[in-house]
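Okay, structure first, notes after.
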There are 2 protein chains.
Amino acid sequence: MPARDETIKTKMAQFVEHCRARGLSVTPQRLAIYHALITSMRHPSAEDIYKRIRRQYPTISLATVYKTLETLEQEGLISKVTPLHETARYDANRTRHHHLICVKCHAIEDFSTEALEQLQLPREVVGDWRVLDYTVQVLGVCRECQKRERA
Amino acid sequence: MPARDETIKTKMAQFVEHCRARGLSVTPQRLAIYHALITSMRHPSAEDIYKRIRRQYPTISLATVYKTLETLEQEGLISKVTPLHETARYDANRTRHHHLICVKCHAIEDFSTEALEQLQLPREVVGDWRVLDYTVQVLGVCRECQKRERA
DNA sequence: GTTATTGCAAACATTTTGCACCAGC
DNA sequence: GCTGGTGCAAAATGTTTGCAATAAC
């Protein structure tokens with residue numbers, strides 16, 4: 001058996017264990033959704049997962065996919081690649097800079113630092129892609145939200 | 001007059017010049033939207049800009065704000081901070097890695113490199129934020145879309 | 001048997017579109 | 001006057017919610 005299948009088996013077993021330990025039901029829907037995620041390299045959307053699972057599992061609903069993704073994210077088993085997906089945000093600053101993103105209130109603050117001005121992204125790293133630009137996204141909690149936590 | 005106001009004046013003048021050079025009408029709506037963007041540090045959404053402008057300009061419509069933001073982006077005068085905002089995308093890979101994002105088809109590919117494993121983000125840089133995580137977002141054009149361009 | 005989860009439908013939020021009117025050039 | 005831009009309303013898209021039926025434990 002190839003090493004990759006073994007890894008997937010192991011991950012599924014760990015997933016089941018995690019659910020039991022945290023008192024979450026192990027439903028076929030959850031198994032299918034988590035399986036779809038660990039076997040995809042494409043960072044699928046809820047809709048992508050839904051379409052893929054529906055072939056094997058025609059009664060599953062898109063709402064279940066959304067609810068499950070949220071549960072898995074809260075459990076720290078998966079993460080959203082798109083922390084600010086819900087609204088488009090704009091910037092008139094055309095110089096290289098990076099972003100601090102507050103995971104609580106979605107504030108965005110700019111920062112710059114010499115060390116990140118000209119990152120080297122050699123071919124071994126970026127493969128065949130034509131690189132246009134890059135930014136560092138730092139996820140954190142802004143000052144105001146830290147205050148709110150203490151209050 | 002403070003240096004900041006001078007900068008804003010200069011930017012507005014350059015904006016007008018850019019529009020004329022490119023044959024775009026210089027309308028009060030466009031001026032107001034661009035002005036709102038260069039005077040905000042908060043990376044506003046279309047709705048934010050709309051609310052702010054409406055105070056001075058009660059007849060402006062949200063659709064105009066959307067259309068104008070798209071135009072300004074195509075002109076390279078502003079940029080979306082959220083290249084993938086239209087759909088939430090998920091990832092079960094819990095190790096540190098970074099993303100190549102195709103600006104054409106929105107494919108996401110992972111990459112890792114030793115140089116970006118443990119970025120130093122000192123207090124001078126991140127200020128009062130509590131940092132949880134970071135990723136580098138590289139914007140580019142994937143192999144398939146480069147092929148499609150040539151075809 | 002109890003509680004959490006599912007699936008459906010309806011609601012919601014954000015963004016896009018079609019089109020008549022209007023304003024910039 | 002011509003062309004492109006605006007504003008409205010409707011549609012489209014992506015996501016969330018309420019709730020009754022169902023399945024996990």
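Worth saying up front: this structure is predicted, and the values here are computed from it rather than measured. First the proteins, then the strands, lettered A, B, ... as listed; each starts at 1.
The stretch residues 26-57 of chain A participates, sequence neighbours left out, in these ring pair (Phe, Tyr, Trp, His ring centres under 6.0 Å) pairs: A:Phe15-A:Tyr34, A:His43-B:His99. Sorted by first then second residue, the salt bridge (Lys or Arg N to Asp or Glu O under 4.0 Å) pairs that include residues 41-56 of chain A, not counting sequence neighbours, number zero. Sorted by first and then second residue, the salt bridge (Lys or Arg N to Asp or Glu O under 4.0 Å) pairs involving residues 19-39 of chain B (not counting sequence neighbours) are B:Arg22-B:Glu75. Within the structure, salt bridge (Lys or Arg N to Asp or Glu O under 4.0 Å) pairs that include any residue of residues 96-105 of chain B comprise B:Arg96-B:Asp133, B:Lys104-B:Glu149 (at least two apart or interchain).
Counting non-hydrogen atoms of other residues, nucleotides and ligands closer than 6.0 Å to CD of A:Gln56 gives a total of 12 or fewer.
Residues passing the side-chain contact (heavy atoms from CB on, under 4.5 Å) test with A:Arg123, sequence neighbours excluded: A:Asp128. Under the ring-ring contact (aromatic ring centres under 6.0 Å, His included) criterion, A:Tyr90 pairs with no residue at all, not counting sequence neighbours. Looking at residues two or more places apart in sequence or on another chain, you find a side-chain contact (heavy atoms from CB on, under 4.5 Å) between A:Thr113 and A:Phe111, A:Ala115, A:Leu116, B:Val125. Take A:His85 and apply the side-chain contact (heavy atoms from CB on, under 4.5 Å) test, not counting sequence neighbours, and it matches A:Lys80, A:Thr82, B:Ala88.
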I'd like a list of close polar pairs between nucleotides 21-25 of chain C and the protein, N/O only, cut-off under 3.5 Å.
{"unit_1": "C:dC25", "atom_1": "OP1", "unit_2": "B:Val26", "atom_2": "N", "d": "2.9"}

Shorter than 3.5 Å, N or O on both sides, protein versus nucleotides 11-13 of chain D: list them out with atom names.
none

Show me the protein contacts with nucleotides 17-22 of chain D, counting only N or O atoms at under 3.5 Å.
{"unit_1": "D:dG18", "atom_1": "O6", "unit_2": "A:Lys67", "atom_2": "NZ", "d": "3.1"}

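Between A:Ile108 and A:Leu100, the closest side-chain pair of non-hydrogen atoms is not below 4.5 Å. Looking only at side-chain heavy atoms (C-beta outward), B:Arg94 and A:Ile78 stay at 4.5 Å or farther from each other. Using a 4.5 Å cut-off on side-chain heavy atoms (C-beta onward), A:Asp110 and A:Asp91 make contact. Using a 4.5 Å heavy-atom cutoff, the side chains of A:Arg130 and B:Gln146 are in contact. A 4.5 Å side-chain heavy-atom check between B:Val141 and A:Val131 finds every atom pair outside the cut-off.
In this structure, B:Thr71 reaches neither bases nor backbone, as no heavy-atom distance under 4.0 Å exists between it and the strands shown. Backbone-only engagement by A:Thr87 is indicated by non-hydrogen atom pairs under 4.0 Å involving sugar-phosphate atoms exclusively.
Taking 4.0 angstrom as the limit, A:His85 places a side-chain polar atom (N or O) nearer than this to OP1 or OP2 of D:dT15. B:Ser61 has no side-chain polar atom (N or O) that falls below the 4.0 Å cut-off from OP1 or OP2 of D:dT6.
Picking from C:dT15, D:dG7, C:dG7 the nucleotide with the shortest atom distance to the side chain of B:Thr64 gives D:dG7. Listed nucleotides: D:dG5, D:dG7, C:dG7. Nearest to the side chain of A:Gln29: C:dG7.
Near DNA chain C, meaning a heavy atom under 4.0 Å from it, residues 35-51 of chain A has no residue at all.
Here C:dG7 presents its P atom at 12 Å from CZ of A:Arg54, a figure rounded to the nearest Å. Going from atom CZ of A:Arg89 over to atom P of C:dA13 covers 18 Å, rounded to whole Å. B:Leu69 has its CG atom 14 Å from the P atom of D:dG5, to the nearest Å. With rounding to whole Å, B:Glu75 atom CD is found 14 Å from D:dG5 atom C1'. Following rounding to the nearest Å, A:Arg22 (CZ) and D:dA24 (C1') show an atom-to-atom distance of 17 Å. Atom P of nucleotide C:dA10 and atom CG of A:Leu62 are separated by 16 Å, given to the nearest angstrom. B:Glu73 has its CD atom 10 Å from the P atom of C:dT16, to the nearest Å. Summarising the geometry, the separation between CG on B:Leu84 and P on D:dT15 is reported as 12 Å, rounded to the nearest angstrom.
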**OP:** Output, in order, the C-alpha distance, side-chain angles, deciding distance and verdict of side-chain contact (heavy atoms from CB on, under 4.5 Å) for B:Val103 and A:Leu132.
**Re:** CA-CA 9 Å; B:Val103 296; A:Leu132 302 172; 3.8 Å; yes

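Place A:Thr68 and A:Ala88 on DNA chain C by their nearest nucleotides, and A:Thr68 ends up nearer the 5' end.
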